[in-house]
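Keep in mind it's a predicted model, so treat the numbers as computed, not measured. In what follows, every heavy atom counts, from backbone to side chain, and hydrogens, waters and symmetry copies are set aside.
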Amino acid sequence: MKRIFLTTCALAAVLAPSTASAEPGVLYIPTDPVTLRPTGVAPCGSGVNSATGCGGASMEVEEPPFAGAADLTTGMADALAAYDVHVTNTRPPEYISYTMLLPGDEPLDPKSAGIRSFTCAFGGINCAARGRNDIVSTSGSTDNCTDPDVLHAALYAFGRNSGLEGIDNPEDWMNYPPDYTTLPMGFQDSCSDRLNQFGFNDRDMQIELPLECTSVDHVECPDGTNGDPGQNSHLDMVEFYGDVVEDTDPPELTNIVPEDGAILMEGDDLVLDVDVADSDPVVGLRWIIQSDAIVSDMFPDGTISQCTNDVCNVNWEDAAPLKATESDWIVTLGGLPAGAYAITLEASDYHGNVSEMVSINVTIEGSGGGDETAGDETAGEGGDETAGEGGGVLSEGATDASEGGDTTPAGDDGDDTGGCACTTGDSTPAAPALMLLGLMGLGAMRRRW
């Protein structure tokens with residue numbers, strides 16, 4: 001009986017820092033319709049992911065583009081010019097994490113759940129900018145927000161998605177509640193009091209909510225007049241994204257393994273590897289392996305993919321830095337049946353530069369002996385169904401991202417203990433399974449660092 005085993009490099013499992021490292025961000029403003037899907041329903045997992053449109057609706061809908069998207073894009077790029085945020089109308093590759101802004105200026109229906117918004121900006125807080133693939137939006141007037149300026153509301157929404165809280169400073173984009181009659185001066189380089197947000201309880205009475213982030217989620221500011229450490233919006237943005245960088249060069253892919261035309265024998269491991277160089281501190285990358293030989297219930301189109309950003313069958317451990325020049329991008333597949341395999345490789349940085357796609361053809365020739373033990377029940381040298389030392393076994397499909405297997409809530413960091421998560425299933429060739437070593441969970445991480 002055959003199994004397919006896929007082993008990826010064991011990237012170091014580290015606890016995420018309390019504040020983000022200065023890494024570039026991407027803000028995508030659509031000029032074409034986008035499909036939004038609810039979380040918790042296939043193909044979405046439980047977390048928001050802008051790349052797949054998951055988390056932006058209670059039911060699948062097609063969101064039309066905003067009529068003023070081009071002008072808004074220019075305004076957002078100008079307002080964010082000091083920071084390393086790539087503002088674009090071109091949707092990035094899905095293996096790149098990015099914030100999607102869905103602007104709108106239509107007043108909310110009185111029956112809408114957001115009718116009481118004081119900001120006309122939606123998407124929630126993202127303390128220390130730890131998540132980078134959220135969906136944010138703006139609206140027209142609500143009961144508590146009159147005639148919002150779209151640019152102002154969009155910057156408030158993106159600011160919150162960048163880890164900024166509402167503050168007491170009319171000259172700052174994050175002044176709360178926003179005064180939409182006067183545009184602020186920018187993200188101010190000064191400490192201001194963080195303010196409690198307004199909400200409503202189940203009796204429709206206005207209440208004051210506690211501060212949403214901790215003081216360690218911000219660049220250090222002295223205690224303000226309210227007794228809590230303040231917020232310097234400008235320095236926070238520099239801390240999270242870094243200073244603006246001009247970058248027009250795509251990632252360089254070298255030392256690619258295997259070579260095009262390589263021939264293996266059934267039972268040999270198929271090893272994929274590449275060296276990536278780029279001026280960005282982090283990159284996104286995707287391997288795709290396709291063959292009629294692996295068509296099955298789990299892979300109905302005969303495709304296995306591994307990438308960043310929780311959009312593939314297998315995802316790299318995003319809790320560790322996926323650095324262009326330091327990370328090990330190796331993938332090893334064992335137990336593959338004889339057949340022709342088409343492999344593609346692609347990488348992108350966070351400034352909109354995508355490498356040329358690499359295409360590789362590999363042939364696995366049958367041994368001719370009919371040996372069914374080449375990919376038997378063992379997952380390596382251990383001889384049992386565990387994935388290496390200390391590995392666990394999950395039920396079939398439990399970590400298959402294509403089936404909505406993400407069971408980690410949005411913003412949850414998953415297991416940072418350095419263990420591994422494995423999946424195994426039917427051992428027949430018609431239903432191959434992935435054995436994943438060195439991974440802490442498939443589709444469970446939304447953080448890039």
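Considering CZ of F158 and CG of L80, their distance stands at 5.5 Å, rounded to 0.5 Å. Annotation: the span from L272 atom CG to I288 atom CD1 amounts to 12.0 Å, rounded to 0.5 Å. The distance from the NE2 atom of H351 to the OG1 atom of T88 is 12.0 Å, given to the nearest 0.5 Å. In this structure, CD on Q306 lies 9.5 Å from CG on N313, to the nearest 0.5 angstrom. Residue I364 holds its CD1 atom at 8.0 Å from CG of D268, rounded to the nearest 0.5 Å. For the atom pair D236 CG and M174 CE, the distance stands at 10.0 Å (nearest 0.5 Å).
S233 and Q231 share a side-chain donor-acceptor pair at under 3.5 Å. For the residue pair S50 / N133, no side-chain donor-acceptor distance below 3.5 Å is found, with atom types taken as modelled. Counting only N and O atoms by type, the side chains of H218 and N232 include no donor and acceptor under 3.5 Å apart.
The salt bridge (charged side-chain N to carboxylate O under 4.0 Å, His left out) analysis of residues 85-101, with sequence neighbours excluded, yields the pairs E94-R286. Counting only residues at least two apart or in different chains, disulfide (SG to SG under 2.5 Å) contacts with residues 231-274 are absent. Pairs passing the ring-ring contact (aromatic ring centres under 6.0 Å, His included) check and including a residue from residues 69-103, sequence neighbours excluded, read Y28-Y98, Y83-H234. Contacts classified as side-chain hydrogen bond (donor to acceptor under 3.5 Å, both in side chains) and involving residues 57-73 (residues at least two apart or in different chains) are given here: T73-N89.
By the side-chain hydrogen bond (donor to acceptor under 3.5 Å, both in side chains) test, N161 is found to be paired with T99, D134, residues two or more places apart in sequence or in another chain being considered. With sequence neighbours left out, the side-chain hydrogen bond (donor to acceptor under 3.5 Å, both in side chains) criterion links S162 to Y241. Listed by chain and number, the residues in a side-chain hydrogen bond (donor to acceptor under 3.5 Å, both in side chains) with S359 amount to none (sequence neighbours excluded). Under the side-chain contact (heavy atoms from CB on, under 4.5 Å) criterion, D32 pairs with no residue at all, not counting sequence neighbours. By the side-chain contact (heavy atoms from CB on, under 4.5 Å) test, V358 pairs with L253, I256, L345, I360, sequence neighbours left out. For D243, there are no side-chain hydrogen bond (donor to acceptor under 3.5 Å, both in side chains) partners at least two apart in sequence or on another chain. Scanning for side-chain contact (heavy atoms from CB on, under 4.5 Å) contacts around A262 gives P258, V362, with sequence neighbours left out. Residues satisfying the side-chain contact (heavy atoms from CB on, under 4.5 Å) test with D273, not counting sequence neighbours, are V257, D328, I330.
A donor-acceptor pair under 3.5 Å is formed between the side chain of D280 and the backbone N or O of Y350. The main-chain N or O of G104 is found under 3.5 Å from a side-chain atom of T138 such that the two form a donor-acceptor pair. Although no hydrogens or angles enter the test, the distance criterion places no donor-acceptor pair under 3.5 Å between the side chain of D105 and the main chain of G140. Checking side-chain atoms of N126 against main-chain N and O of G131 turns up a donor-acceptor pair under 3.5 Å. Checking side-chain atoms of N49 against main-chain N and O of A51 turns up a donor-acceptor pair under 3.5 Å. Remark: the backbone N or O of G123 is not paired with any side-chain donor or acceptor of R160 at under 3.5 angstrom. Remark: side-chain polar atoms of N361 are not paired, donor with acceptor, to backbone N or O of D260 under 3.5 angstrom. In this structure a side-chain-to-backbone donor-acceptor pair under 3.5 Å is missing from N309 to V311. Remark: side-chain polar atoms of E165 are paired, donor with acceptor, to backbone N or O of C213 under 3.5 angstrom. Of the possible donor and acceptor atoms, one in the side chain of T142 sits under 3.5 Å from a partner among the backbone N and O of S117.
At least one side-chain heavy atom of V150 sits less than 4.5 Å from a side-chain heavy atom of L72. Side-chain contact between V295 and D301 is absent, with no heavy atoms from C-beta onward closer than 4.5 Å. Residues S348 and S355 form no side-chain contact, since every pair of their non-hydrogen atoms from C-beta on lies 4.5 Å or further apart. Between E365 and L264, every side-chain heavy-atom pair lies at or beyond the 4.5 Å cut-off. Within the 4.5 Å cutoff, the side chain of V274 has no heavy atoms near those of the T254 side chain. Contact annotation: the side chain of D217 approaches that of R130 to within less than 4.5 Å [non-hydrogen atoms, C-beta and beyond]. Taking the side chain as every heavy atom from C-beta outward, Q290 and T344 never approach each other to under 4.5 Å. The side-chain heavy atoms of P107 and S139, taken from C-beta on, include no pair separated by under 4.5 Å.
The two atoms that bring L164 and I125 nearest to each other are O-CD1, 3.2 Å, heavy atoms only. Nearest heavy-atom pair, F240 versus A128, reported as atom, atom and distance to 0.1 Å: CZ-CA, 3.6 Å. The two atoms that bring P281 and A22 nearest to each other are CG-O, 4.5 Å, heavy atoms only. For the pair D278 and P250, the tightest heavy-atom approach, listed with the atom from each and the gap, is OD1-C, 3.5 Å. The minimum heavy-atom distance between A293 and G339, with the atom names listed, is CB-CA, 4.3 Å. Taking all atoms of both residues into account, the shortest heavy-atom contact from S291 to A340 is OG-O, 2.8 Å.
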Practice item. Using the side-chain contact (heavy atoms from CB on, under 4.5 Å) rule, take F118 and C145 through it: C-alpha gap first, then chi angles, then the decisive distance, then the call. Key: CA-CA 5 Å; F118 287 86; C145 170; 5.8 Å; no
Exercise for review: Would you check, one step at a time, whether the test side chain to side chain donor-acceptor pair (under 3.5 Å) holds for S279 with D247?
Suggested key: CA-CA 8 Å; S279 57; D247 180 8; 3.1 Å; yes
Practice item. List the steps, then state whether side-chain contact (heavy atoms from CB on, under 4.5 Å) holds for L102 with L36. Key: CA-CA 11 Å; L102 300 176; L36 301 179; 3.7 Å; yes
Check your understanding: Can you list the steps and then say if W316 with V331 is a side-chain contact (heavy atoms from CB on, under 4.5 Å)?
Key -> CA-CA 10 Å; W316 265 287; V331 177; 3.8 Å; yes
Review point. Checking side-chain contact (heavy atoms from CB on, under 4.5 Å) for the pair T363/Y341: CA distance, chi angles, key distance, verdict?
Key: CA-CA 6 Å; T363 300; Y341 290 80; over 6 Å; no
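For W287 and W329, the gap between ring centers reaches or exceeds 6.0 Å.
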